[in-house]
A.B. asks: 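Input: one structure, supplied below.
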Amino acid sequence: KTLLYAVKNHYWYQMYLDDLPIWGIVGEVDDQQENFYIWTHKKFEIGYNGKQIVDVNLTSESRTKLQLGSSIPFSYEVVWKPSNVKFEDRFDKYLDPNFFQHRIHWFSIFNSFMMVIFLVGLVTMIL
């Protein structure tokens, strides 16, 4: 029942491998919302540079129909791939470069300014 609930509500999971995040979806529902499927085989593609892990990707395979009371076998495989990514740059694909740009949010500044004027006016009316 728990897996059916997770698939029905489109649950995701998150794991970490050497501090690198990995996301995956539990399962999927067919178009008629009648059959629920779970992914039973996970394929990890791990990129390495020297003796350090610099990249990890997860692929879900082998869709299996969920049925109450049935036993579901799970499996996984690991593929090691050499990579040219430096260890210091391994988080670059997770970081959005636009996130750290200093942009002025004019609407927030204007909103705060108007709130200050309103509160000052309210206090002066009371006094």
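All figures in this text were calculated on a predicted structure; none of them were measured in a lab.
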A.B. asks: What's the spacing between Ile117 CD1 and Ser112 OG if we round to 0.5 Å?
C.D. replies: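 Reported value, rounded in 0.5 Å steps: 11.5 Å.
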A.B. asks: Starting at CZ of Phe87, measure out to NZ of Lys51 and round the result to the nearest 0.5 Å.
C.D. replies: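 Going from CZ on Phe87 over to NZ on Lys51, the span is 14.0 Å.
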A.B. asks: Do Val79 and Lys43 come within less than 4.5 Å of each other through their side chains, counting heavy atoms only?
C.D. replies: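 Side-chain contact under 4.5 Å: yes.
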A.B. asks: One pair to check against side chain to side chain contact (heavy atoms under 4.5 Å, CB included): His41 and Phe74. What are the steps and the verdict?
C.D. replies: CA-CA 6 Å; His41 182 77; Phe74 288 91; over 6 Å; no
A.B. asks: Is it the case that more than 12 heavy atoms not belonging to Tyr5 sit under 6.0 Å from its OH atom?
C.D. replies: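 At most 12 heavy atoms, drawn from other residues, nucleotides or ligands, come within 6.0 Å of this atom.
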A.B. asks: Is any side-chain heavy atom of Tyr11 less than 4.5 Å from a side-chain heavy atom of Thr2?
C.D. replies: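 No. Closest side-chain heavy atoms not under 4.5 Å.
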A.B. asks: According to a 4.5 Å side-chain heavy-atom criterion applied to Ile, Leu, Val, Met, Phe, Trp and Tyr, with indirect links allowed, do Val26 and Tyr37 form part of one hydrophobic cluster?
C.D. replies: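 Per the 4.5 Å side-chain linkage, Val26 and Tyr37 are not co-clustered.
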A.B. asks: Can you tell if the side chain of Phe110 reaches within under 4.5 Å of the side chain of Met115, non-hydrogen atoms only?
C.D. replies: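 Side-chain contact under 4.5 Å: no.
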A.B. asks: Report yes or no: do Ile109 and Val116 belong to one cluster of Ile/Leu/Val/Met/Phe/Trp/Tyr joined by side chain heavy-atom distances under 4.5 Å?
C.D. replies: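 No, it is not one cluster - the side chains of Ile109 and Val116 are not joined through contacts under 4.5 Å.
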A.B. asks: Using only atom types and a distance under 3.5 Å, with no angle test, would you say the side chain of Asn35 pairs donor to acceptor with the backbone of Asp30?
C.D. replies: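 Not a single qualifying donor-acceptor pair exists.
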A.B. asks: Is Tyr16 linked to Ile22 within one hydrophobic cluster, defined over Ile, Leu, Val, Met, Phe, Trp and Tyr using a side-chain heavy-atom separation of less than 4.5 Å?
C.D. replies: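 No, because Tyr16 and Ile22 fall into different hydrophobic clusters, even though each may have its own neighbours under 4.5 Å.
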A.B. asks: If we check side chain to side chain contact (heavy atoms under 4.5 Å, CB included) with Val123, which of these qualifies: Leu127, Ile126, Val120?
C.D. replies: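 Result for side chain to side chain contact (heavy atoms under 4.5 Å, CB included) with Val123: Leu127.
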A.B. asks: Examine distances only and state if a side-chain atom of Asn49 and a backbone atom of Val85 form a donor-acceptor pair shorter than 3.5 Å.
C.D. replies: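 Pair found, side chain donor or acceptor close to backbone of Val85.
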A.B. asks: Test of understanding: clusters of I, L, V, M, F, W, Y form through side-chain heavy atoms closer than 4.5 Å, transitively. Do Trp12 and Leu4 belong to the same one?
C.D. replies: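 They do share one cluster, since a chain of ILVMFWY contacts under 4.5 Å joins Trp12 to Leu4.
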A.B. asks: Side chain to side chain contact (heavy atoms under 4.5 Å, CB included) for Tyr76 and Glu61? Distances and angles first, verdict last.
C.D. replies: CA-CA 9 Å; Tyr76 72 94; Glu61 301 170 351; over 6 Å; no
A.B. asks: Rounded to the nearest 0.5 Å, what separates atom OG1 in Thr64 from atom CD1 in Ile38?
C.D. replies: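 So the gap between those two atoms works out to 8.0 Å.
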A.B. asks: Looking just at side-chain N and O atoms, do His10 and Glu28 make a donor-acceptor pair shorter than 3.5 Å?
C.D. replies: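 Per modelled atom types, His10 and Glu28 side chains form no pair under 3.5 Å.
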A.B. asks: Under 4.0 Å between a Lys/Arg side-chain N and an Asp/Glu carboxylate O for Lys81 and Asp55?
C.D. replies: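 Between Asp55 and Lys81 there is no salt bridge, as every charged N stays at least 4.0 Å from the carboxylate O atoms.
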A.B. asks: Taking all heavy atoms of Val29 and all of Val7, pick out the closest pair and write down the distance.
C.D. replies: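 Scanning both residues completely, I find the closest heavy atoms to be CG2-O, 3.7 Å.
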A.B. asks: With heavy-atom distances below 4.5 Å as the criterion, would you say the side chains of Trp39 and Ile25 are in contact?
C.D. replies: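 Yes, their side chains come closer than 4.5 Å.
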A.B. asks: Can you name the nearest heavy-atom pair linking Tyr13 to Ser60, along with the distance?
C.D. replies: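 Closest heavy-atom pair between Tyr13 and Ser60: OH-OG, 4.1 Å.
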A.B. asks: Could you walk me through whether Lys42 and Thr59 pass the side chain to side chain contact (heavy atoms under 4.5 Å, CB included) test, one step at a time?
C.D. replies: CA-CA 6 Å; Lys42 308 297 181 198; Thr59 307; over 6 Å; no
A.B. asks: CZ of Phe91: more than 12 outside heavy atoms within 6.0 angstrom?
C.D. replies: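 Atom CZ in Phe91 is crowded, with more than 12 foreign heavy atoms closer than 6.0 Å.
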A.B. asks: Under 4.5 Å between side-chain heavy atoms, hopping through other hydrophobics if needed: is there a path connecting Val78 to Val54?
C.D. replies: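 No; tracing contacts between hydrophobic side chains, which count when under 4.5 Å, never links both residues.
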A.B. asks: Nearest heavy-atom pair of Ser71 and Pro73: which atoms, and what distance?
C.D. replies: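 Ser71 and Pro73 have their closest heavy atoms at O-CD, 3.7 Å.
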A.B. asks: To the nearest 0.5 Å, tell me how far Trp23 CH2 sits from Leu58 CG.
C.D. replies: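 Those atoms lie 11.5 Å apart.
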A.B. asks: Within the structure provided, determine whether Arg90 and Leu20 are in side-chain contact (heavy-atom separation under 4.5 Å).
C.D. replies: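 A side-chain contact under 4.5 Å exists here.
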A.B. asks: How long is the gap from OG1 on Thr40 to CD1 on Ile72, to the nearest 0.5 Å?
C.D. replies: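 The CD1 atom of Ile72 is 8.0 Å from OG1 of Thr40, to the nearest 0.5 Å.
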A.B. asks: Measuring from Asp18:CG to Gln52:CD, what's the distance to the nearest 0.5 Å?
C.D. replies: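 These two atoms lie 8.5 Å from each other.
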A.B. asks: Evaluate whether atom CG of Asn9 has more than 12 neighbouring non-hydrogen atoms of other residues, nucleotides or ligands under 6.0 angstrom away.
C.D. replies: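 Count over threshold, so yes.
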